[in-house]
Protein chains: 2
Amino acid sequence: MATDYEKPDTSVDCVLLTLGEGGLRVLLLPRDKEPFAGTATLIGAYVRPQIDRTLEDTVQRALRDKAGIDGVYLEQLGTFGGAERDPRGWSIAVAYVALIQTSIADEAERRSGVRFERVLVGALPPLPFDHAEIVAAAVERVRAKASYSTLPAFLLPEAFTLAEYKQVVEQVTGRIIDDGAFRKKFDAIPGLVKIEGAKKGGTNSSGTGKRPSQLYRIAAESDRPRMLTRLF
Amino acid sequence: MATDYEKPDTSVDCVLLTLGEGGLRVLLLPRDKEPFAGTATLIGAYVRPQIDRTLEDTVQRALRDKAGIDGVYLEQLGTFGGAERDPRGWSIAVAYVALIQTSIADEAERRSGVRFERVLVGALPPLPFDHAEIVAAAVERVRAKASYSTLPAFLLPEAFTLAEYKQVVEQVTGRIIDDGAFRKKFDAIPGLVKIEGAKKGGTNSSGTGKRPSQLYRIAAESDRPRMLTRLF
DNA sequence: GGAATAGTGTCTTTGAGACAATATCTA
DNA sequence: TAGATATTGTCTCAAAGACACTATTCC
């Protein structure tokens, strides 16, 4: 034991992001305890030294226990601490971003009975504590990294087309990218590889796509996004 | 009070960086307590809810009390937590980077009697805890931001020449930049402004510079680095 | 063949880098 | 005026964006 002073409460909070109608969505769950019981919030947990060995352990435990989600891509976002952020007093929250594909969220709901509130990041309801600020930071981070890393791939299924990847980048950054330009860059991205085989149906809205398109996947050896020098 | 579980120790650690012979240097101080008493370490302090209102308060307090340094530019770096990093048990350290000009460090030493160990970031001695990892992250951060923000200005005196700024960028990034190219970009950087007046002596090693050069300073309204889209 | 999307090629413009030329100071 | 650094201008090359063109599939 290292100090005689009172210690702040320490927790983690996870901004769970996925794609949905209209773009990037945060997955929220109703709080089960006071204060703000019943209100939709980020998924979090207190750090429990007896159970967790690392901070990421705490996050994975929270996701597993509260959301039925296992082993996803995590990125530390920042730490929010102070006397004001929680009405109960001084607290520290280490915030993380998690990116999952939509089907994982669907499965989790089916298997563990949870019901996510999936809200567009641009239309957040009022959130308790400083969770609105945390979500804003998460969106900012994802937006930035969408342009210079392979992070968007973590929002997509294992196999995805170039058009789908492009659509994610466009949705997240809000910029429309020229198809030719995108394709040139895309081919050169390390960390993404072609899968031999094509895909039917196309990615368009009408559903009745014509020419099938090449599928890609994240290179096996990289379970985290590859950093690159400005792509799009 | 929010949990019945034991809480981890929570502290902040500050990577205090400055320029010196050979480039970027970390300022370390000998620890005054066990474990590792006497060993050079980062400047840190336990979070004290009774004293501090925010995490930055804790950092500023540590810098003031232990290093005699006041009100510097701070940037949160990341949070390091887990069961292994401190032999005393589970702990969390929120790490910050602080950039100061050399003269501030000199003054602090003169006024408060502390003696910094100023080590080149490329030649660190063995550091206790996970401080080596924290320093590495800090250097990485500064290196990256040197190219797309006005962060290097925080390592320089209030007034500096273009050549001095360029030298910082080169020292930090390790790349040599063409003078003409640098100048074109530099002129366009918002957040830096000309001071009407020149400077004698030049910036060269021989000391006997010839033509004086224009001085610049950080624009008054910005006490933090301006983010830009890739400069150098 | 027509419709619709996938993928390629080309042209133009922009900007970075290399480097030459000029400017301004001190001694 | 010589020497040294500051500052500007010009040329070249490569990448980015716009956009036209070809390819492949389903109906």
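Letters A, B, ... are given to chains in the order of the sequence lines, protein chains preceding strands, and every chain is numbered from 1. Everything quoted here is computed from the prediction, not taken from an experiment.
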Interatomic distance where [atom1] belongs to [X] and [atom2] belongs to [N] [whole Å]:
X	N	atom1	atom2	value
A:Phe186	C:dG7	CZ	P	10 Å
A:Gln167	C:dA6	CD	P	10 Å
B:Arg175	C:dA16	CZ	C1'	11 Å
B:Leu215	D:dA6	CG	P	12 Å
B:Lys194	D:dT7	NZ	C1'	10 Å
B:Tyr216	D:dT7	OH	P	6 Å
A:Asp179	C:dT5	CG	C1'	10 Å
A:Asp187	C:dT8	CG	C1'	10 Å

Spell out yes or no: do the side chain of B:Lys184 and the base of D:dG9 have one donor N/O and one acceptor N/O closer than 3.5 Å?
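Between D:dG9 and B:Lys184, which were checked side chain against base, a qualifying N/O pair under 3.5 Å is absent.
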Of the listed nucleotides [options], the one nearest the side chain of [X]:
X	options	answer
B:Ser213	C:dT8, D:dA6, D:dG17	D:dA6
B:Asp178	D:dG17, C:dC19, D:dT7	C:dC19
A:Arg183	C:dG17, C:dA6, D:dT25	C:dA6

Indicate yes or no: at least one non-hydrogen side-chain atom of A:Val193 is less than 4.5 angstrom from one of A:Ile218.
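A side-chain contact under 4.5 Å is absent here.
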Going by heavy atoms in the side chains, are B:Leu77 and B:Asp13 under 4.5 Å from each other?
no
Establish, with yes or no, whether the OP1 or OP2 oxygen of C:dA23 is under 4.0 angstrom from a side-chain nitrogen or oxygen of B:Arg211.
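Looking at the OP1 and OP2 atoms of C:dA23, neither is under 4.0 Å from any side-chain N or O of B:Arg211.
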Could you tell me whether A:Tyr165 and A:Phe186 have their ring centroids closer than 6.0 angstrom?
yes
Is it the case that the side chains of A:Tyr73 and A:Glu75 hold a donor-acceptor pair, with the cut-off being a distance below 3.5 Å and no angle test?
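A donor-acceptor contact under 3.5 Å links the two side chains.
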